[in-house]
Amino acid sequence: MTQKVAVLGTGKIGEALLSGMIRAGWAPTDLLVTARRPERAEELRARHGVTPVTNAEAAKTADTLILTVKPQDMGTLLTELAPHVPTDRLVISGAAGIPTSFLEERLAQGTPVVRVMTNTPALVDEAMSVISAGSHATAGHLAHAEEIFGAVGKTLRVPESQQDACTALSGSGPAYFFYLVEAMTDAGILLGLPRDKAHDLIVQSAIGAAIMLRDSGEHPVKLRENVTSPAGTTINAIRELENHGVRAALIAALEAARDRSRELASGSS
Ligand SMILES: NC(=O)C1=CN([C@@H]2O[C@H](COP(=O)(O)OP(=O)(O)OC[C@H]3O[C@@H](n4cnc5c(N)ncnc54)[C@H](O)[C@@H]3O)[C@@H](O)[C@H]2O)C=CC1
Ligand SMILES: O=C(O)[C@@H]1CCC=N1
């Protein structure tokens with residue numbers, strides 16, 4: 001039996017997921033999308049061959065609903081959807097901070113809900129998606145969510161109590177690396193390199209380091225030690241990073257992201 005999947009609120013994350021599902025072999029005809037603006041809906045149809053529908057039609061027609069609106073829009077969307085979602089539908093929330101109980105309280109009693117925090121590398125099939133079950137979701141529902149998000153990268157099941165921390169690490173994580181590349185490219189400019197060359201050097205170094213972290217089996221400390229020669233260049237840079245409290249800044253930054261995710265739990269702005 002064909003399983004229809006609807007992405008409701010198809011913005012950056014919704015479209016990244018949708019395009020990855022199509023790359024992984026989902027038939028566009030089995031994918032429904034909703035968008036606030038009709039021009040956006042038509043853009044998605046033209047680009048991916050998917051079918052734009054209303055939120056209510058998606059709720060009635062699709063077997064799985066994936067809600068990818070902003071946390072602040074989740075309450076309004078659920079109010080609109082609730083009368084139309086039969087209790088045998090799987091509802092997946094992709095929103096930061098919103099607990100499964102927020103959805104369960106607004107949908108019919110017994111509706112299975114799964115919470116997923118993915119990230120933008122979904123666009124290149126390298127997402128990290130962290131998955132938790134709500135109180136009515138079964139192993140089968142979790143497996144189905146893994147199948148969908150597995151199309152765009154790795155998946156990991158965690159207890160829902162860890163979702164806000166995971167949002168700080170991997171949901172927001174790509175932004176920290178983009179920020180570092182931006183700052184290191186500025187350093188290259190300061191050192192007299194043209195911007196494009198500085199960018200290429202830093203990006204290739206980041207890719208090389210990321211692949212070593214993933215594939216070498218070595219601890220990051222060991223990998224850094226291997227670069228850090230006695231009385232060499234790297235240790236001078238590391239001393240400055242320590243002097244400027246970069247490690248403490250990163251710990252504080254991720255704690256702030258975790259705290260913001262907790263604040264979003266109410267769906268408030
Ligand atoms: N951008 C990111 O890196 C990540 C975002 N997320 C989560 O994904 C969700 C979406 O984020 P983005 O894609 O960045 O936002 P976005 O703003 O690009 O997409 C949200 C879309 O939902 C639409 N929308 C809002 N209310 C609607 C309604 N009632 N009916 C139909 N469409 C509606 C908006 O028009 C917009 O196009 C958020 O909850 C965010 O926390 C999760 C992981 C990473
Ligand atoms: O910044 C945000 O709130 C979203 C959630 C994780 C990444 N972007």
Side-chain angles (χ1 to χ4, degrees), residues 1-37 40-53 55 58-59 61-71 73-74 77 89-96 98 112-133 137 140-158 163 166-167 169-178 203 206-207 210-211 213-215:
M1 193 191 74
T2 342
Q3 286 273 320
K4 283 203 185 297
V5 175
V7 179
L8 286 80
T10 317
K12 290 183 285 294
I13 283 292
E15 187 174 5
L17 177 63
L18 192 70
S19 65
M21 290 174 74
I22 294 168
R23 284 193 297 280
W26 259 266
T29 44
D30 292 331
L31 300 176
L32 311 177
V33 292
T34 81
R36 236 183 332 214
R37 291 177 302 110
R40 171 67 179 157
E42 279 314 310
E43 183 178 79
L44 292 164
R45 186 207 295 273
R47 215 178 270 161
H48 304 289
V50 295
T51 308
V53 291
N55 288 324
T61 322
D63 304 281
T64 303
L65 308 176
I66 307 176
L67 315 189
T68 56
V69 298
K70 294 284 188 200
D73 291 327
M74 194 58 94
L77 176 61
R89 298 293 192 264
L90 168 61
V91 180
I92 299 177
S93 165
I98 302 288
V113 174
V114 168
R115 175 172 170 184
V116 180
M117 177 46 52
T118 187
N119 63 14
T120 57
L123 283 166
V124 292
D125 299 337
E126 291 288 353
M128 182 69 247
S129 303
V130 181
I131 300 181
S132 307
H141 294 125
L142 278 176
H144 189 49
E146 279 171 342
E147 189 193 354
I148 292 172
F149 283 85
V152 290
K154 287 191 193 310
T155 63
L156 178 71
R157 289 187 194 186
V158 299
Q163 275 279 351
C166 294
T167 299
L169 265 73
S170 56
S172 301
Y176 316 143
F177 291 105
F178 298 138
V203 169
I207 291 168
I211 292 173
L213 283 165
R214 189 188 60 191
D215 296 347

| query | Taking C-beta and beyond as the side chain, do Ile13 and Thr120 meet within less than 4.5 Å on heavy atoms? | reply | yes
| message | Just so I know, are the side chains of Met128 and Pro121 near enough to count as touching, which here means a heavy-atom distance under 4.5 Å? | response | no
| task | Name all residues meeting the side-chain contact (heavy atoms from CB on, under 4.5 Å) criterion together with Leu8; count only those two or more places apart in sequence or in a different chain, and write none if there are none. | result | Ala6, Thr34, Asn55, Ala58, Leu65, Leu67, Leu77, Leu81
| message | When you compare the side chain of His144 with that of Val114, does any pair of heavy atoms fall below 4.5 Å? | response | no
| query | Going by heavy atoms in the side chains, are Phe149 and Ile66 under 4.5 Å from each other? | reply | yes
| remark: Minimal heavy-atom distance between Val152 and Gly20, with the atoms involved, is CG1-CA, 3.6 Å
| query | Nearest heavy-atom pair of Ala16 and Ala122: which atoms, and what distance? | reply | CB-CB, 4.1 Å
| Minimum side-chain heavy-atom gap Ile148-Thr64 below 4.5 Å | yes
| query | So, do Arg157 and Leu142 sit near enough that their side-chain heavy atoms are less than 4.5 Å apart? | reply | yes
| task | Take Glu146 and Ile131, measure what side chain to side chain contact (heavy atoms under 4.5 Å, CB included) needs, and give me the verdict at the end. | result | CA-CA 8 Å; Glu146 279 171 342; Ile131 300 181; 3.7 Å; yes
| Looking only at atom types and distance, does a side-chain atom of Lys70 sit under 3.5 Å from a main-chain N or O of Ala96, one as donor and one as acceptor? | no
| field | Atom pair CZ/CG of Arg45 and Leu31 - distance to nearest 0.5 Å | value | 13.5 Å
| query | What closest approach, in Å, do Glu15 and Thr10 show between heavy atoms, and which atom pair accounts for it? | reply | N-CG2, 3.6 Å
| message | Quick one: does any side-chain atom of Ser132 pair with a main-chain N or O of Val158 as donor and acceptor, under 3.5 Å? | response | yes
| request: Return yes if some donor-acceptor pair links the side-chain N/O of Gln3 with the main-chain N/O of Asp30 below 3.5 Å, else return no. | output: no
| query | Taking all atoms of both residues into account, what is the closest heavy-atom pair of Cys166 and Val130, and its distance? | reply | SG-CG1, 3.7 Å
| Does Leu90 reach the side chain of Ile92, with side-chain heavy atoms less than 4.5 Å apart? | yes
